[in-house]
Amino acid sequence: MVRRGTELLLYKYINDSDLKDVIDKSLAGEELDRSDGITLFNTNNLLALGALADELRKRTVGDIVTFALNRHINYTNVCISKCSFCAYYREKGQAGSYTMSIDEILKKVEGSVKKGIKDFHIVGSHHPDLPFEFYEEMVKMIKKKFPEVHIQAFTAAEINYFSEISGLSTKEVLQRLKDAGLGSMPGGGAEILNEELRKKICPNKVSAEGWIKIMKEAHLLGIKSNATMLFGHLESKEDRVDHLLWLRKAQKETNGFQAFIPLPFHPKNTPLLKDGLVSEEGPSGFDILRTIAISRIMLNDYITNIKAYWVMLGEKLAQISLHYGANDLEGTVVEERITKAAGGIAGGMMTEKKLLALIRNAGRIPALRTSVHEILRVYRE
Ligand code: V47
């Protein structure tokens with residue numbers, strides 16, 4: 001067979017016949033299965049993974065890299081879940097614990113609206129005392145004062161918790177939040193979709209099945225969402241593949257995931273590190289790029305946007321990941337606490353100018369998007 005371009009480059013570097021078979025299958029548009037995913041995770045041929053992911057990215061979304069002018073708000077860190085991968089949570093009354101009032105949240109929204117930001121990503125934790133009405137009121141008040149903004153809020157884990165504290169079904173919780181003005185949902189709380197592992201890393205949180213069920217309910221109610229995967233802690237390569245397959249299956253059913261965001265574990269200050277269960281380095285740059293590439297390869301025909309979250313990747317690795325399957329850089333973010341608590345060092349001010357430079361210097365075309373991935377402006381020059 002005569003091969004051209006990227007395909008030729010790919011084949012030049014491959015001397016592993018199993019990997020070659022998977023690449024052939026993928027380039028032919030065939031759906032990859034669990035054993036194909038494991039083959040991808042077993043290779044050290046990062047260049048081949050990158051070339052394949054980049055080829056699929058080009059075929060599916062072209063050279064445009066999207067970003068948002070957005071603001072994250074983490075409204076509380078008081079949490080009863082106590083996940084062992086998390087350095088962010090505090091007990092009620094503990095030093096460093098905080099809970100924003102609705103007025104404080106409104107002030108943050110107002111400050112950003114004045115700067116032209118219309119997209120808000122709002123997540124918190126599992127607070128022991130706040131009633132469901134607090135969350136409903138938060139969304140209602142933001143929409144009342146700033147009807148033009150889009151609220152992407154509450155992970156499926158929070159929705160599950162709201163259902164537990166209110167006695168409402170998860171579907172009723174979602175419907176009430178939608179009626180209050182919820183626009184879409186972020187992808188957090190997925191961690192690793194494996195019930196056994198969740199007993200070790202997040203025993204008090206929504207189950208894997210519950211997370212998927214809530215996301216599908218949201219999609220059927222017309223609430224789009226994202227999906228994440230927290231990797232580089234106790235999970236195996238097989239667990240990562242299974243996670244991607246869970247998402248792919250759900251997407252075939254409800255088609256509501258807009259973007260997938262692989263989140264590299266940050267170990268500092270986490271119970272997992274304190275208990276000596278993980279090393280202090282976290283996943284390597286190699287592992288991060290490999291996981292982003294495999295996410296693109298396994299999900300490409302189903303979840304077309306693969307987001308490089310620069311806050312967790314660092315700006316430079318996030319930029320490189322645009323050549324390993326990613327096509328989105330998240331956004332200006334403004335304020336982020338979860339990664340910082342766990343030793344994340346990326347940050348400072350991320351500006352539109354900086355995002356444009358990161359994307360252009362990677363040879364790609366920047367485009368401003370909304371939280372629901374509508375393109376608002378393409379920066380051709
Ligand atoms: O759900 C918690 C993860 C998530 C750590 O939907 C950690 O567009 C690394 O979900 N090391 C919250 N990760 C962030 C999140 C997110 C971020 C950006 C965009 C979107 C989106 C979603 O952070 C949590 C959890 O999986 N997390 N602790 C840690 N130590």
Side-chain angles (χ1 to χ4, degrees), residues 3-11 19 22-33 36-37 39-41 46-68 184 187 219 224-229 240-241 243-262 288-309 313 318-331 358-360 362-380:
R3 299 191 182 280
R4 293 165 291 114
T6 320
E7 294 186 24
L8 183 66
L9 180 74
L10 271 170
Y11 279 83
L19 178 61
V22 177
I23 292 174
D24 273 338
K25 213 170 149 180
S26 174
L27 288 173
E30 283 175 52
E31 185 173 281
L32 301 188
D33 61 22
D36 297 328
T39 299
L40 294 174
F41 269 109
L46 183 62
L47 281 184
L49 292 178
L52 175 58
D54 201 46
E55 170 70 15
L56 297 174
R57 184 269 316 152
K58 198 173 177 61
R59 287 184 190 179
T60 308
V61 291
D63 284 342
I64 284 185
V65 170
T66 47
F67 68 93
S184 60
H219 300 164
K224 296 275 184 193
S225 78
N226 296 332
T228 57
M229 173 174 75
R240 294 187 195 181
V241 174
H243 185 103
L244 298 174
L245 295 179
W246 271 85
L247 295 178
R248 202 171 74 182
K249 183 167 177 291
Q251 184 73 335
K252 283 183 192 172
E253 291 169 40
T254 54
N255 197 30
F257 292 121
Q258 322 167 97
F260 176 67
I261 311 115
I288 293 173
L289 287 180
R290 162 171 71 180
T291 305
I292 291 173
I294 295 172
S295 303
R296 164 63 67 188
I297 296 166
M298 295 297 289
L299 296 175
N300 188 52
D301 292 334
Y302 305 94
I303 305 179
T304 53
N305 297 304
I306 304 293
K307 192 185 286 194
Y309 185 38
L313 269 50
Q319 184 188 45
I320 306 264
S321 75
L322 301 178
H323 285 259
Y324 283 76
N327 69 311
D328 186 276
L329 268 190
E330 173 59 5
L358 281 171
I359 296 167
R360 284 182 171 137
R364 297 282 152 80
I365 304 158
L368 177 65
R369 64 156 172 84
T370 63
S371 296
V372 283
H373 287 261
E374 297 150 345
I375 304 267
L376 298 175
R377 176 180 172 193
V378 180
Y379 299 70
R380 293 268 172 212

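The structure presented is a predicted model; accordingly, all values stated were derived computationally and were not measured.
Ile294 pairs in a side-chain contact (heavy atoms from CB on, under 4.5 Å) with only one of the listed residues (Leu49, Leu32, Leu289, Leu299), which is Leu49. Under the side-chain contact (heavy atoms from CB on, under 4.5 Å) test applied with Leu40, the options Arg240, Arg290, Met298 reduce to a single match, Met298.
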For this session: Apply side-chain contact (heavy atoms from CB on, under 4.5 Å) to Phe260 and Met229, showing your working.
Result: CA-CA 8 Å; Phe260 176 67; Met229 173 174 75; 3.6 Å; yes
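The aromatic rings of Phe257 and His219 sit perpendicular to each other, their planes meeting at more than 60°, with 30° as the lower class boundary.
Minimum interatomic distance between Leu313 and Ser321 (heavy atoms only, all atoms of both residues): CD2-OG, 4.1 Å. Closest approach of Ala318 and Ala308 over heavy atoms only: O-CB, 4.0 Å. Taking each heavy atom of Tyr324 and Gly50 in turn, the nearest pair found is CD2-CA, 3.5 Å. Minimum interatomic distance between Val378 and Ile375 (heavy atoms only, all atoms of both residues): CG2-CG2, 3.8 Å.
By the 4.0 Å N-to-carboxylate-O rule, Asp54 lies close enough to Arg364 to be salt-bridged with it. Between Arg248 and Asp301, no side-chain nitrogen of the basic residue sits less than 4.0 Å from a carboxylate oxygen of the acidic one, so the salt-bridge criterion is not met.
Remark: the backbone N or O of Ala326 is not paired with any side-chain donor or acceptor of Arg57 at under 3.5 angstrom. In this structure, the side chain of Asp36 engages the main chain of Asp33 through a donor-acceptor pair within 3.5 Å. Judged by distance alone, the side chain of Glu330 and the main-chain N or O of Tyr309 form no donor-acceptor pair under 3.5 Å.
Remark: Asn327 engages Arg296, Asn305 in a side-chain hydrogen bond (donor to acceptor under 3.5 Å, both in side chains) (not counting sequence neighbours).
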